[in-house]
Asks: 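Structure below; questions to follow.
These numbers come from the heavy atoms of this one structure, side chains and all, not from hydrogens, waters or symmetry mates. In this text, all values refer to a predicted model and were calculated from it rather than measured experimentally.
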Amino acid sequence: MEVSQASYQIIADLLEARTGQHLTESRRWRVGTALSGVFREHGITNVDQLVCLLDLPMRSPGKPDLSQQVVEALLNNETYFFRDKPTFDQLPENILPEIAERRKDTKRISIWCAGCSTGQEVHSLAMLFVDSADRWKDWTIEILGTDVSHRVINAARNGVYSQFEVQRGLGIAQMLRHFEETSQGWQVHEATRALSRFQQHNLLSEPPSRHRFDLILCRNVLLYFDQAMRERAFSRLSSALADDGVLMLGAGETVVGQTTAFRPLPKRASMYTVERASARIPHTAVS
């Protein structure tokens, strides 16, 4: 589908204003395809028509307005359970035990998954704690999942996934232990869901909690930001993370050359800590 330069720029500006994401020319080809569902819902056939309707009050009861629908359609919500497993496995094997050692007096761990999409990452974390219930007995575990998209946050809260979705990253034993098959799909068990909560939030806004997090996962979110927006996001993440906390980025991301707010955590792939004068996490070997 051909998209005029004027319409493309309006859509790109809208996406950046709402989310901070930069719609590069290399992503231009997918604009029409991504918006096809919005076209069908509103009875229009192209982006130029859509742009003309953006300023009109077209909110349906219980649904976001048209501009938000456009933004959400353009977001990349790719995710699956235990995504990038070699990197994710560092959490139960090293990172969480090290955090637990530093929090043994309070017995409280607070985790933020920024850009959580439909919730698989959050539920994967919750499964780690449920599967080691004896280890975490008497601990308070709080996992917050946030995303700029209203639609995916509702899906994450519901915790219902298709057969295809639960098969991505999960073994049969995990499916049976943490899910119940229903007429709507595979529902995450209440015991697993109880550790988590979800809310709509823009990463570029003030952090979603007044209390700093012990662990923040922000994986493959910053890939779509330009340098200025990326620096702003790193600043927000830094202010939300405890001085001895850990930031986990995607396997293809780094802070090197991107920000001075974080530094790599030694011997931990994709793990970083805040670069503050008082923030010096000792490397803790946990067997």
Side-chain angles (χ1 to χ4, degrees), residues 15-16 19-24 26-27 30 72 74-96 98-99 111-128 143-149 152-153 155-156 165 168-170 196 198 201-205 207-208 213-241 245-275 281:
L15 180 67
E16 186 165 8
T19 71
Q21 291 194 16
H22 184 56
L23 188 61
T24 62
S26 63
R27 297 170 65 195
R30 66 179 296 271
E72 295 195 6
L74 292 171
L75 295 174
N76 182 356
N77 295 312
E78 168 68 6
T79 186
Y80 52 91
F81 293 100
F82 297 95
R83 186 178 187 179
D84 188 14
K85 197 170 187 304
T87 304
F88 195 90
D89 282 348
Q90 294 178 104
L91 296 177
E93 293 171 3
N94 305 112
I95 299 300
L96 289 174
E98 290 169 2
I99 292 175
I111 302 172
W112 174 23
C113 293
C116 71
S117 188
T118 45
Q120 284 92 323
E121 182 175 81
V122 174
H123 296 308
S124 297
L125 281 165
M127 290 179 209
L128 295 180
I143 309 172
L144 171 65
T146 68
D147 200 282
V148 72
S149 169
V152 300
I153 283 297
E165 288 171 323
R168 296 188 73 194
L170 292 176
S196 310
F198 297 91
H201 175 265
N202 189 327
L203 178 58
L204 300 175
S205 303
F213 295 92
D214 304 302
L215 172 64
I216 298 177
L217 286 76
C218 184
R219 300 201 289 165
N220 304 316
V221 177
L222 305 182
L223 294 173
Y224 304 101
F225 290 10
D226 63 18
Q227 183 60 33
M229 288 296 183
R230 196 175 295 125
E231 289 178 359
R232 182 177 169 188
F234 275 126
S235 177
R236 294 299 194 194
L237 292 168
S238 175
S239 67
L241 188 64
V246 176
L247 169 68
M248 180 181 186
L249 296 181
E253 298 175 294
T254 183
V255 303
V256 178
Q258 303 293 319
T259 178
T260 58
F262 291 92
R263 59 185 172 85
L265 195 58
K267 300 182 181 180
R268 299 287 182 257
S270 303
M271 305 293 177
Y272 305 88
T273 184
V274 286
E275 187 65 283
I281 300 180

Asks: Between L237 and F262, which heavy-atom pair has the shortest distance, and what is it?
Replies: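 For L237 versus F262, the nearest heavy atoms are C-CZ, 3.8 Å.
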
Asks: Minimum heavy-atom separation for G115 to V221, with atom names?
Replies: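 Between these two residues, the closest heavy atoms are CA-CG2, 4.0 Å.
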
Asks: Look up atom OG1 in T259 and atom CZ in R232, then write down how far apart they are to the nearest 0.5 Å.
Replies: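 It comes to 14.0 Å.
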
Asks: Just verifying a value: how many Å separate Y80 OH and S124 OG, rounded to the nearest 0.5 Å?
Replies: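 Y80 OH to S124 OG: 10.5 Å, rounded to 0.5 Å.
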
Asks: For residues A156 and S117, report the shortest heavy-atom separation together with the two atoms involved.
Replies: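 Closest heavy-atom pair between A156 and S117: CB-O, 4.0 Å.
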
Asks: Is the shortest heavy-atom distance from the side chain of F198 to the side chain of T118 under 4.5 Å?
Replies: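 When only atoms from C-beta onward are counted, T118 and F198 do not touch, as no gap falls below 4.5 Å.
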
Asks: When M248 is tested against each of I216, L91, I95 for side chain to side chain contact (heavy atoms under 4.5 Å, CB included), which residue passes?
Replies: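 Testing M248 for a side chain to side chain contact (heavy atoms under 4.5 Å, CB included) against I216, L91, I95 leaves exactly one candidate, L91.
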
Asks: Between E253 and R230, is there a side-chain N and carboxylate O pair less than 4.0 Å apart?
Replies: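 Salt bridge between E253 and R230, a charged N being under 4.0 Å from a carboxylate O: no.
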
Asks: Let me confirm one number: the CG-OG distance from L265 to S270, rounded to the nearest 0.5 Å.
Replies: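 OG of S270 is found 11.0 Å from CG of L265.
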
Asks: Is there a side-chain contact between M127 and L170, using heavy atoms and a 4.5 Å cut-off?
Replies: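 Yes; the side chains approach each other to less than 4.5 Å.
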
Asks: Measure across L203 and A233 and return the closest heavy-atom pair with its distance rounded to 0.1 Å.
Replies: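 Minimum heavy-atom separation between L203 and A233: CD2-CB, 4.0 Å.
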
Asks: Is the closest side-chain heavy-atom distance between C116 and I153 below 4.5 Å?
Replies: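 Yes, their side chains come closer than 4.5 Å.
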
Asks: Do L222 and F234 have side-chain heavy atoms sitting under 4.5 Å apart?
Replies: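 Yes, close enough: below the 4.5 Å cut-off.
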
Asks: Check each of L247, V246, L249, N94 against M271 using the side chain to side chain contact (heavy atoms under 4.5 Å, CB included) test, and report the only one that passes.
Replies: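 Only one option passes, and that is V246.
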
Asks: D226 pairs by side chain to side chain contact (heavy atoms under 4.5 Å, CB included) with which of E231, Q21, E16?
Replies: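 Exactly one candidate clears the test, E16.
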
Asks: Is any side-chain heavy atom of L75 less than 4.5 Å from a side-chain heavy atom of L15?
Replies: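 Counting from C-beta outward, L75 and L15 do come under 4.5 Å.
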
Asks: Calculate, to the nearest 0.5 Å, the distance between atoms OH and CZ belonging to Y272 and R263 respectively.
Replies: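 It is 12.5 Å, given to the nearest 0.5 Å.
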
Asks: Could you work out, with side-chain hydrogen bond (donor to acceptor under 3.5 Å, both in side chains) as the rule, every residue matching R168, not counting sequence neighbours?
Replies: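 Partners of R168 under the side-chain hydrogen bond (donor to acceptor under 3.5 Å, both in side chains) test: E78.
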
Asks: Report yes if some heavy atom in the side chain of L204 is under 4.5 Å from a heavy atom in the side chain of V148; otherwise report no.
Replies: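 A side-chain contact under 4.5 Å is absent here.
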
Asks: What distance do E121 atom CD and I111 atom CD1 have between them, rounded to the nearest 0.5 Å?
Replies: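 Going from CD on E121 over to CD1 on I111, the span is 10.0 Å.
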
Asks: Angle between ring planes, F81 versus H123, binned at 30° and 60°: parallel, tilted or perpendicular?
Replies: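 Rings of F81 and H123: tilted, as their planes differ by 30° to 60°.
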
Asks: Are R83 and Q120 side-chain neighbours, meaning at least one heavy-atom pair lies under 4.5 Å?
Replies: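 With C-beta onward as the side chain, the pair stays apart.
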
Asks: List the atom of L128, the atom of P92, and the distance in Å for their closest heavy-atom pair.
Replies: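 Heavy-atom minimum between the residues: CD1-CD, 3.9 Å.
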
Asks: I need the single residue from V122, D147, T79 that forms a side chain to side chain contact (heavy atoms under 4.5 Å, CB included) with C113. Which is it?
Replies: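 So the option named by the test is V122.
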
Asks: Are N220 and N76 close enough that some pair of their side-chain heavy atoms sits under 4.5 Å apart?
Replies: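 No, side chains not in contact.
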
Asks: If I take atom CG from residue L23 and atom OH from residue Y224, how far apart are they, to the nearest 0.5 angstrom?
Replies: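 So the CG of L23 and the OH of Y224 are separated by 11.5 Å.
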
Asks: Are L74 and T19 close enough, and set up right, to give a side-chain contact (heavy atoms from CB on, under 4.5 Å), and what steps lead you there?
Replies: CA-CA 11 Å; L74 292 171; T19 71; over 6 Å; no

